[in-house]
Every structure is written in C-alpha cells, then in structure tokens.
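Contents: one structure, followed by commentary.
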Amino acid sequence: MSPLGTFLPAPWSHPAGRHLFVVLLVLLLAVGTPAGVSGAAAGGGGSAATPDRARYDVDLRSDADGGRWTGRQRVSFRNASERPLREVYLRLWGNGEDGCGTPGTPGAPGVPSPVVVSGLRGGTADPLTVNCTALRIALPKPLARGERASVAFDVSVTVPDRNARFGREGAFRFLGNALPVLAVHDAAGWHLDPYVAVGESFYALAGDFRVRLDHPSDMAVPATGRTRTRPGAPGRSVTLSLAERVRDFAWAAGPFRTAAQTTPGGVRVKSFWAPGTPAAGVRLARAEAVAAVDRFGREFGRYPYGEVDLVMTSGFGGGMEYPGLVLLGTTEEGNAVVHELAHQWWYGIVGNDEYASPWLDESFAQYANFRFYGLETRDCWSDVYWPDDGAELTASMDYWSRHRGEYHLVYTAGPCALADLERTLGADAMARLLERYARDHWYGVSTTEDFKRAAQSMTDEDLGPFWESRRIR
C-alpha cells in the first residue's frame, strides 16, 4: 500500500519536498478508522504454518454494472502441521469496513455485510466473528498431516459505495480482498487479527486460484494471474484467470481504456485506465512499470507470474498492491506504480504477516522505490520524529492503528534504515543479501528475525547496535 505522495519522484531532494511528503502521508493516514484489537486464537501444537497448498476454484457472475457478483467457491487444502487439523477459518476481509452490516428495523430492511457466504458443504460453520471477518468451519473428521480436504460454498459480493481498495469510483469497481481466503495457523495459533483501514491486516500462504468471471461485454476486467477473455452469453463475456502460488486474488471492472506491452525481460504489462485519468500520468506509469518490473527482477529474482495489471483512475487515493494487479490513483505527475510493483516481491513473493510486521513489506517496497529513482538518502532521517522511546519501526498494526499519525514511519524511517544498512554492509553485499533473502523465502513467509539473521550473515560486525539504534527490535 502506498499513501498519497509516495510516488513523488524526489521527496528528499529539498526541504519543501520532504515536508510535503510527510504531510501528505499524515493527512491520508488520518482518515482511517481504528479497528478493534484481536490476536491469534488459541490453537497449540505443530509450528508449521497450515493449511497450505490451497487451491481456490471460483465461478462468479456480475450484475449489469459490476457492483454485485454471485456464484460459487471451492477451497481445497492440505494439513502441513504435525497435529490433526480439526477446523479451518475463512477470512472475509471484504467485510472489514462494514462489519456485520446494518440490522433491519420495522419498515426498513437491513443491509447485509458486503461478503456473504452460505450453503456451506464439507464442514459445519459457526457464526461469524471478528466483526464478521472470520468464519470458523469445523471439519467432518480430523485431517492428518499431509492429508487434503475441501470446503465449498455459495458467495455473494456487493461492492461498497466508497472509493477504496474494495469499492467503486464512478462506473469502475475495485474488488480487492473480496474473495474469502484461508486464515493461517502456526505456533501462535490461528491468526484472526482485526481488519485495519490504515495499512493491511492480511496474512496468507501462497495458493493457486482458478477463477471464472462472467460479466457484461462492455466491461474490461483486469485480474490477478494470466487472464483471457472469451465470448459468453449474448451481451456478456467470460474472463478466465489462472494464478499459481499467490496469496490473494483481486480484480476490477468497468469501461477502462486498455493497452499492453511486454518488457524486455518478457513480462506482459497490461494497463487499464478510466477516461479522464491524466494522459501524462498514464504514459509515465506505463514506462516506469516496464522498467521497474525488469529491474526488480534482476535485483530480487525474476518475476514469476508472466503478467501484471495496472489499474489507474484519477480519484483513487494512493495505491494498493495485490498479486499481479495494482490499483493506482494517478495525476499528471504519475502514481505509485514503482512502490506497488516492488510489493510484488515484498509481500507477494516473499510473504510476511502484514498485521504483525508491516515494515517487512512497506519499508522494503519503499526502499526499492528510493533505489529505483536514485534518491539521496543520507539526510532522510531529518524528517523522522519518534514520538517516544518505546516506539519501534517493527511495531504491529495493533500499535499503528492506535497511533495513525505515526504510521508514516514505516515509509520514512524504514527505507532510511535499509539505506543505512546498505552503507554499513556495502552496496555489493546489500545486493547479495536481498537476492539471497528473497530466494530463501520465495513463496514463503519471512519474519524480522529471519531478515536480521540474513543480514548478520553478510558481515563479521555485530549488527546488534545497528538494529537497536534504528528501532528494529
């Protein structure tokens, strides 16, 4: 995710630019709604993250304007833990902003949650919890290590009337975090953290998606994965997508203008923009996307998905990343495309618990953004202000959601710290570190301790004081 302002080409080049950058971050982050506090549900046993090797088969049909999608979803999965798996949880992140909907009153019907699951097969569902974002499903029998099972259900998705990652802008629909996905169980138990509007709560293992989207033919439908669109019923088309080893699936719908090009490294970059989006910004974003995908591929490992979609409008705030698809608010000066594409590696390929350790994706993506633009970082600490001695760069979203005015630190202090680490290790060693770190956690999940160990392996100098001085704890 990139708050408004992060795409500015040289935020550290002069004092006014630095000040504007931080102010824009604070203004955007201040509009978020704090969420309740939750944590990992008690689970115990077996440290391996599970369920894994998920496969999502989805078949949805939209209404006339893409505002409502209904159909079926099937999820199969494996128990990777040594302990028998007796239950799974689905996360309905699309309900994060609206929770359990609005109850009806005499003479006024209620409004349901945006994402509704019904007709469950393959297990027994409990009532929704965590503000209607978590659904526990008891399995018919315990699932032993290595065994597979599946659940299936009907799903209804209604796009909320707000301009957001799951929302709409004019005739355009954004469906980020709209599909139910499996929660993760590990040594800490089930991860059932609350939704946060500022930043992300999302934590998922890589899985495969096969998605069929039936929609009016006058809509373009960018989506995660490799997509193709074919004729459907009269006046309708079907977009088919196959996405392997990704953590989520997102799509958009509307009368977008489109263009496509292939990078020298062989990645297909497909651009979708709303009429009225500044043409200069679209051109710049397309050019930067082509350059960034190939550059990050050289630095962190080749982009493995073959295709990435850019979705651009003039009214979307900042940017938001999903596997193979990024949402971008676009001005004449461009957008946050470089930062969001860096997230394809930092969150997408190299996963992390975004609620527990948001710095592991946001700070790393912003550091890659700084390097792409060749920004001078030696004085970037001048605008970093720590509110108290206890504040940490490595704080969780539990902390940042209660201190929204400080969340900009993951975008400012974080890349500054990584730039300092580059100077400490040397540019060549830092490059080797990031390439090796990405390779070692490719399609997996990393933690702050994993990164600290990887960095320490690159030098004989004790990095303990370095971490402490940069509040990486």
Side-chain angles (χ1 to χ4, degrees), residues 1-13 17 20-21 24 169 172 174 220 222-227 250 252 254 256-349 364-377 411 415:
M1 185 177 187
S2 53
L4 185 63
T6 58
F7 68 85
L8 296 177
W12 305 113
S13 60
L20 176 62
F21 177 65
L24 287 171
E169 179 183 333
F172 301 91
F174 312 126
T224 294
R226 292 180 180 268
T227 61
F256 291 104
R257 295 175 179 172
T258 64
Q261 58 198 117
T262 301
T263 74
V267 178
R268 190 70 167 164
V269 178
K270 298 169 70 174
S271 298
F272 301 79
W273 66 95
T277 308
V282 170
R283 286 194 299 270
L284 179 60
R286 293 181 61 202
E288 290 184 337
V290 168
V293 167
D294 278 0
R295 173 168 174 166
F296 295 154
R298 293 190 298 270
E299 293 180 349
F300 311 135
R302 180 179 172 82
Y303 180 75
Y305 302 122
E307 177 184 317
V308 65
D309 293 353
L310 318 180
V311 180
M312 296 174 275
T313 70
S314 60
F316 191 83
M320 183 64 199
E321 72 280 359
Y322 293 99
L325 182 145
V326 294
L327 304 174
L328 300 161
T330 304
T331 72
E332 290 284 352
E333 296 178 320
N335 56 37
V337 66
V338 174
H339 175 96
E340 302 306 344
L341 289 179
H343 273 303
Q344 299 301 309
W345 284 263
W346 310 119
Y347 139 77
I349 298 168
F364 280 61
Q366 192 66 342
Y367 169 69
N369 185 75
F370 282 15
R371 284 177 49 82
F372 179 88
Y373 289 116
L375 305 183
E376 174 55 57
T377 58
Y411 298 91

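Closest approach of Leu325 to Ala250, counting heavy atoms only: CD1-O, 4.0 Å. Considering every non-hydrogen atom in both Glu340 and Glu321, the closest pair reads OE1-OE1, 2.9 Å. Nearest heavy-atom pair across Thr224 and Pro323 is OG1-O, 2.8 Å. Closest non-hydrogen pair, Pro415 versus Gln366, comes out as CG-CG, 3.7 Å.
By the side-chain hydrogen bond (donor to acceptor under 3.5 Å, both in side chains) test, Gln261 pairs with Arg286, sequence neighbours left out. Judged as a ring pair (Phe, Tyr, Trp, His ring centres under 6.0 Å), and not counting sequence neighbours, the contacts of Trp346 are Phe300, Phe364, Tyr437. With sequence neighbours excluded, the residues satisfying side-chain hydrogen bond (donor to acceptor under 3.5 Å, both in side chains) with Tyr367 are Glu422. Checked against side chain to side chain contact (heavy atoms under 4.5 Å, CB included), Ala285 has the following partners two or more places apart in sequence or in another chain: Met312, Asn335, Val337. Applying the side chain to side chain contact (heavy atoms under 4.5 Å, CB included) test to Arg302 and every residue at least two apart in sequence or in another chain returns nothing. For the side chain to side chain contact (heavy atoms under 4.5 Å, CB included) test, residues two or more places apart in sequence or in another chain that qualify with Thr227 are Ala223, Thr239, Ser241, Lys270, Glu307. Remark: Glu332 pairs with no residue by the salt bridge (Lys or Arg N to Asp or Glu O under 4.0 Å) rule, at least two apart or across chains. Partners of Phe372 under the ring pair (Phe, Tyr, Trp, His ring centres under 6.0 Å) rule, at least two apart in sequence or in another chain, do not exist in this structure. Residues passing the side chain to side chain contact (heavy atoms under 4.5 Å, CB included) test with Ala279, sequence neighbours excluded: Arg283. Glu288 meets the salt bridge (Lys or Arg N to Asp or Glu O under 4.0 Å) test with no other residue; sequence neighbours excluded. For Thr313, the side-chain hydrogen bond (donor to acceptor under 3.5 Å, both in side chains) criterion is met by Glu169, not counting sequence neighbours. In terms of the ring pair (Phe, Tyr, Trp, His ring centres under 6.0 Å) criterion, residue partners of Phe174 (sequence neighbours excluded) are, by chain and number, Phe316.
At distances below 3.5 Å, at least one donor-acceptor pair connects side-chain atoms of Gln344 with backbone N or O atoms of Gly324. Remark: side-chain polar atoms of Glu299 are not paired, donor with acceptor, to backbone N or O of Asp294 under 3.5 angstrom.
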Next on the checklist: Test side-chain contact (heavy atoms from CB on, under 4.5 Å) on Arg257 and Thr277; report intermediate values, then the result.
Outcome noted: CA-CA 10 Å; Arg257 295 175 179 172; Thr277 308; over 6 Å; no
Item to check | CA sep, side-chain torsions, deciding dist, call: Thr330, Trp273, side-chain contact (heavy atoms from CB on, under 4.5 Å) | outcome: CA-CA 9 Å; Thr330 304; Trp273 66 95; over 6 Å; no
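Ring centers of Phe256 and Phe172: under 6.0 Å apart, within the cut-off.
Ring orientation note: the planes of Trp345 and Phe296 are nearly perpendicular, at an angle over 60° on the 30°/60° scale.
Side-chain atoms of Tyr305 and Ile349, non-hydrogen and from C-beta on, do get closer than 4.5 Å to each other.
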